[in-house]
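Worksheet for the structure shown next.
Residue numbers begin at 1 in each chain, while the letters A, B, ... track the order of the sequences. As a basis for the values below, the full set of heavy atoms in this structure was taken, side chains included, without hydrogen atoms, waters or symmetry mates.
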Protein chains: 2
Amino acid sequence: MATIADVAREAGVSISTVSYALSGKRSITEDTRVRVLAAAARLGYAPKAAARALAARRSQIIAVTTPLHPDTDHSAHMAFAMAVTTAARDHDYDTLLLVQDDALEGMRRSAATSLADGIVVLDVAAHDERADLARSLGCPVVFIGLPADTGGLTCVDLDFRAAAHEAVDTLHAAGHRTVGLVSQPADVIAREANYPLRIEQAFAERADELGLTHALVRPDLDAPHAVLDDLLRLLPEVTAIVLSTPTSVAVALTESLSRRGLRVPDDLSVVTVGMTADPSRPPLPFDSLPLDPALTCPVAVDTLVGLIEGATSPGGVTLVPPTHVSRGSVAPAPVPHPTEVV
Amino acid sequence: MATIADVAREAGVSISTVSYALSGKRSITEDTRVRVLAAAARLGYAPKAAARALAARRSQIIAVTTPLHPDTDHSAHMAFAMAVTTAARDHDYDTLLLVQDDALEGMRRSAATSLADGIVVLDVAAHDERADLARSLGCPVVFIGLPADTGGLTCVDLDFRAAAHEAVDTLHAAGHRTVGLVSQPADVIAREANYPLRIEQAFAERADELGLTHALVRPDLDAPHAVLDDLLRLLPEVTAIVLSTPTSVAVALTESLSRRGLRVPDDLSVVTVGMTADPSRPPLPFDSLPLDPALTCPVAVDTLVGLIEGATSPGGVTLVPPTHVSRGSVAPAPVPHPTEVV
DNA sequence: CTGTTAGCGCTTTCAC
DNA sequence: GTGAAAGCGCTAACAG
């Protein structure tokens, strides 16, 4: 309840001296600085957020908009929201949560009322109505994920293309010559952000470049166990799998493999690409190039803070390079071509 | 960018008239009210949150604190955070997210700076450091879940006791005479909020009252498939199960049942108590008395808003009655006592 | 290096 | 029913 005036009186200095002593925005004699800090501590002073925001024209709040449709993966999106929040705190910002119906309207509202200084957009769909809104908002906005049209938007995403390439390279280096991709369900590809397509293309491209035999299967969420059959039908000689699919399909695939008596990595090597782990469950036992919130979110928040503070100019897509997590699911191909093993 | 002064000029009235016309806090001639609204719309006016908060001494922001340890169920807690956010919007409040390390410190900060008008505490542990903090904060706080000592706190939770009773009653009414409880892992019971204990006690109590044979098993997360064996060893005649356990255990149990050729509900009836569904996955195919965020969160937010606006006084535990969701997993006992079937 | 002061844009008495 | 004006508590020129 103490105000800056109380602190000034207590420390025997002026109000502005207190303000500057606390913000460090101009140099203060060590002596008076200590006196101010002591007075503030004695009175339990904390600047009122609203007064500060009004005077400084900055709320130190970032809005996070994430529609969270019934079919989006809640645990993954919680991980993203957490990562954004943690990154924001590192820059002294708090995060406001805008969900469901309010994901769109809340963006408008928090921009119009200056509730938030900037907005992070999560759960981005290919044709996301928040993209057009962002272009017309006059408030810094950063997308985590890419809508179909990124024109005029500032976006950050994992470099899925590089991740897919690296997955194929890894398998190729281990001597695999026939590789399969377990991709997303067809309807997800239509609706979601375009990263599944980017992965499919990059996978095929690099496999062709390396002269590998390859194929892809898109699972059916109602019959996830069929993917393995489908893949073996398409690619009887397959020795390695790239997984970029919903967790439920990955789990089903694991079961299908063990039912068939196929061991990872002895019979089949596996690498996942662009999958987000549920922090509250044990991770899938596969080598991964994950879509890790800890990778993209800090970059997105840094970018947003740069925009807010005028240090950066808007627009542009930042693709974050993937990191490789080893879990021992890649082994040399069962029947390697001796001269080609790296 | 338009201010209230712009609107006043445009409408040819005073600033206070604009304020009252928009807030409705005092009666305004229909004519001038319309004129003000039109002017505001024409200028695209939206009151600045910071100015409003400073003058009104209210930020219209509720902080949501949820530590989210690595082992907490992220999807469930996202569902709670969403439900709180949606309920808050219904009262014209936004929600600020405080996670991880900042869950505790953020409470202090948002209270001291008047960043938030009130705080909702999620992910409550039995001995939660946020309980003592809440008592000393001088800022309205509502817990969703019960810490061990609720003295001086305002709490809202599902009535787990009633839920356990109702589950046993349902099975008894269907003619079951031997029932098992699959509870939480032992270490969870020690650390978490005390609801698992409340369920165990209520289960045993009501089963005794009804003269049922009963037993409980606590799963081991590293060997979830063992629970069915354990239960059948303890209770060979079991015809019905009450499930109040992590989702992973429930899934493992489902698998164990089908491996043994036991059909639900033909061979075994099942009811879940106090479990939270992951909205992004298909629900467990069992009758439920769920811990549904949609039940507790609106009550908690109503309570908090009552505290903020001075309509309610703090303290007290509100237990929300459970609702029953039928999914056809309860059938009459296989070997009913004819005279007792209801 | 420090103090004075003019706002920031709104809510809310108080007067009419 | 409406208007004038005093703050809310802080930041950031501007002056010294």
**Request:** Evaluate the criterion side chain to side chain contact (heavy atoms under 4.5 Å, CB included) for residue pair Thr85(B) and Met82(B); output intermediate values, then yes/no.
**Result:** CA-CA 5 Å; Thr85(B) 299; Met82(B) 269 179 58; 5.6 Å; no
**Prompt:** CG of Asp117(A) to SG of Cys139(A): how many Å apart, nearest 0.5 Å?
**Reply:** 7.5 Å
**Message:** Run Leu153(A) and Val141(A) through side chain to side chain contact (heavy atoms under 4.5 Å, CB included) and show every step you take.
**Reply:** CA-CA 8 Å; Leu153(A) 303 178; Val141(A) 183; over 6 Å; no
**Asked** Is the closest side-chain heavy-atom distance between Leu295(B) and Thr323(B) below 4.5 Å?
**Response** yes
**Prompt:** If only atom types and distance count, is the side chain of Ser75(B) paired as donor or acceptor with the main-chain N or O of Ser75(A) below 3.5 Å?
**Reply:** no
**Message:** For chain A and DNA chain C, what are the first and last nucleotides along the strand, 5' to 3', with at least one atom under 4.0 angstrom from a heavy atom of the protein chain?
**Reply:** dC1(C) to dG9(C)
**Nucleotides bounding contact with chain A, strand DNA chain D, heavy-atom threshold 4.0 Å** = dG9(D) to dC14(D)
**Prompt:** Are Arg89(B) and Asp101(A) ion-paired here, with the side-chain N under 4.0 Å from a carboxylate O?
**Reply:** no
**Prompt:** Restricting to pairs with a member in residues 296-309 of chain A, which pass side-chain hydrogen bond (donor to acceptor under 3.5 Å, both in side chains), not counting sequence neighbours?
**Reply:** His91(A)-Asp302(A), Tyr93(A)-Glu309(A)
**Asked** How long is the span from the CZ atom in Arg130(A) to the CG atom in Leu122(A), to the nearest 0.5 Å?
**Response** 7.5 Å
**Message:** Against His77(A), only a single residue in Thr72(A), Asp123(A), Thr276(A) fulfils side chain to side chain donor-acceptor pair (under 3.5 Å); can you say which?
**Reply:** Asp123(A)
**Asked** Which atom pair, heavy atoms only, marks the closest approach of Gly12(A) to Arg35(A)?
**Response** O-NH1, 4.4 Å
**Prompt:** Where along residues 26-39 of chain B does a heavy atom come under 4.0 Å from DNA chain C, residue by residue in number order?
**Reply:** Arg26(B)
**Prompt:** Does a side-chain heavy-atom distance below 4.5 Å link Arg109(B) with Leu115(B)?
**Reply:** yes
**Item:** Ile4(A) vs Tyr45(A) side-chain heavy atoms within contact, under 4.5 Å
**Value:** yes
**Prompt:** Below 4.5 Å, heavy atoms only, C-beta onward: do Asp94(A) and Leu98(B) meet side chain to side chain?
**Reply:** yes
**Request:** For DNA chain D, determine which residues of residues 15-22 of chain A have any heavy atom closer than 4.0 angstrom to one of its atoms, and list them numerically.
**Result:** Ile15(A), Ser16(A), Ser19(A), Tyr20(A)
**Prompt:** Among residues 107-116 of chain A, which residues get a heavy atom nearer than 4.0 Å to DNA chain C?
**Reply:** none
**Request:** State the OG-CZ distance between Ser27(A) and Arg33(A), to the nearest 0.5 angstrom.
**Result:** 11.5 Å
**OG1 on Thr65(B) to CG on Asp128(B), rounded to 0.5 Å** = 8.0 Å
**Request:** Could you pick out which residue, Ala51(B) or Gly12(B), lies toward the 5' side of DNA chain D when each is mapped onto its nearest nucleotide?
**Result:** Gly12(B)
